[in-house]
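What follows is one structure encoded as structure tokens, with my remarks underneath.
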Amino acid sequence: MTTKSRIHLSVPHMSGLEQQYINEAFTSNWIAPLGPNVDAFEQEIAEYVGTKGALALSSGTAAIHLAVKLLDLKPGDKVFCSTLTFAASANPIIYEGGEPVFIDSEPESWNMSPQALAKALEQAQSEGWLPKAAIIVDLYGQSADMDPLLELLDHYQVPMIEDAAEALGATYKGKACGSFGQFGILSFNGNKIITTSGGGMLLSDDLEALAKARFWSTQARDKARHYQHSEIGYNYRLSNVLAGIGRGQFRVLEERVEQRRKVFERYYAALKDIKGVNFMPEAPFGRCNRWLTTLTIDPNLNPVTPNDLLDALEAENIEGRPIWKPLHLQPVFQKYKYFAHGSAADSQNSPWAATNGSVADYIFNTGICLPSGSNMTTEEQDRVIDVLLKVLKK
Ligand SMILES: *Cc1c(COP(=O)(O)O)cnc(C)c1O
């Protein structure tokens, strides 16, 4: 066992500005949910992302839930969803009795494959149905390839929810992640690039829809002196104190993106020439916020497995993680349909030949996430790099 201090995957990184906004909330006695910090935080984020409005909520998951409700998801309806993501991307489909259909990644960005989406849409239409919505994730802080994805969705008139929980500060062709769908969602959970300790945001140009979501998120109280309810509501609003933390965090967002990108660059410089090691590529269409630095090891070129690396890191008190386990492989989602990027036949000479054309399976089998916090010291990064070099070069 080592006595070295723990290096975590991604921890909150305060700017020092948060306290000022929290103090304002206390001195003006706006401790209750709602208040000036909430309004200002919504305005600041909407302006930054470039949507007409924003709704601050208690989590990113709550934002996805309200987005699928706004798209009128009913029991039995199907929703397409990226497979390579956290379960929270798809759980709200189930909350409403819907059925997820999972779509594979493409190798260029690790995000939803236009090729797999096209197959799924064609097959759905040939069977006489279409999905109610498509939830497209911007994985590990990188935008999906929005133009071809949106072209397909527009053709079939399927609305998009952009799950940009990991991608605040990232762009696609110069435009901010979170702004591409009919609805966009962000997360301010403790491990994300900026945090309110827990929180999320629903983004949209549709102010009427946001007003409806605001109504649902505050217990669906009708306009009346007494408590009257004509619809089922939720307690999903972000508190004014937490919004204060968010405002202090938001002021240093650009700095945090630069810091995470630097963490990536140091790992990349140290490890890029090792046989079989491939970092998540930064697709030419956007700027990645490098929320987490992730890499795969091609088993045909290097015998070291993700578990070998994670074990070696753990022995040095360093937290690494596997890549998100694809949702179509999760016990709770296994029964739902899945569309892979390639087929067994057309993938024969590719790295995903062994997974029958599924790129997400290949990335999961061969990949890991490295500690990537914006507050990591260079000494901490060197500790990680030393462990990786030792194992990978053996
Ligand atoms: C974190 C995350 C969520 C959920 O956000 P919470 O604020 O934790 O509810 C959803 N989707 C993705 C891709 C995430 O990484």
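The first residue in the sequence is number 1, and the count goes up from there. All values derive from a computational prediction rather than experimental measurement. Every number for a ligand or one of its atoms is a count from 1 in the order of the listing.
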query: So, H328 and D361: side-chain donor and acceptor under 3.5 Å apart, yes or no?
result: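 On atom types as modelled, these side chains qualify, holding a pair under 3.5 Å.
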
query: Is it true that the side chains of E106 and Q115 contain a donor and an acceptor less than 3.5 Å apart?
result: no

Which atoms from ligand 1 have a heavy atom of [X] less than 4.0 Å away?
X: G199; answer: 7 (O)
X: T85; answer: 13 (C)
X: S59; answer: 7 (O), 9 (O)

message: Taking 4.0 Å as the limit for heavy-atom contacts, which would you say applies to A165 with ligand 1: side chain only, backbone only, both, or neither?
response: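 It is the side chain that touches ligand 1; the backbone stays farther off.
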
Ligand 1 N/O within reach of G60 N/O, cut-off under 3.5 Å: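 Between G60 and ligand 1 (N or O atoms, distance only) the closest approach is under 3.5 Å.
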
Which residue supplies the protein heavy atom nearest to [atom], what is that atom called, and how far is it?
atom: atom 11 (N) of ligand 1; result: D163 OD2, 2.8 Å
atom: atom 9 (O) of ligand 1; result: T61 OG1, 2.5 Å
atom: atom 5 (O) of ligand 1; result: S187 OG, 3.3 Å

field: Carboxylate-amine/guanidinium proximity below 4.0 Å for E166 and K192
entry: no

message: Under 4.0 Å between a side-chain nitrogen and a carboxylate oxygen: does that hold for E258 and R256?
response: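 No.
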
- prompt: For E42, which of R237, R247, K52 qualifies under salt bridge (charged side-chain N to carboxylate O under 4.0 Å, His left out)?
  reply: R237

message: Measuring from atom CD1 of I45 to atom OG1 of T51, what distance do you get when rounded to the nearest 0.5 angstrom?
response: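 These two atoms lie 9.5 Å from each other.
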
- request: For residues V11 and R260, report the shortest heavy-atom separation together with the two atoms involved.
  value: O-NH2, 4.5 Å

message: Any atom of ligand 1 sitting under 4.0 Å from a heavy atom of S89?
response: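 S89 counts as a contact of ligand 1 under the 4.0 Å cut-off.
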
- request: Check each of M201, K192, E166, H65 against atom 2 (C) of ligand 1 and report the one with the nearest heavy atom.
  value: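 Considering heavy atoms of M201, K192, E166, H65, the nearest to atom 2 (C) of ligand 1 sits in K192.
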
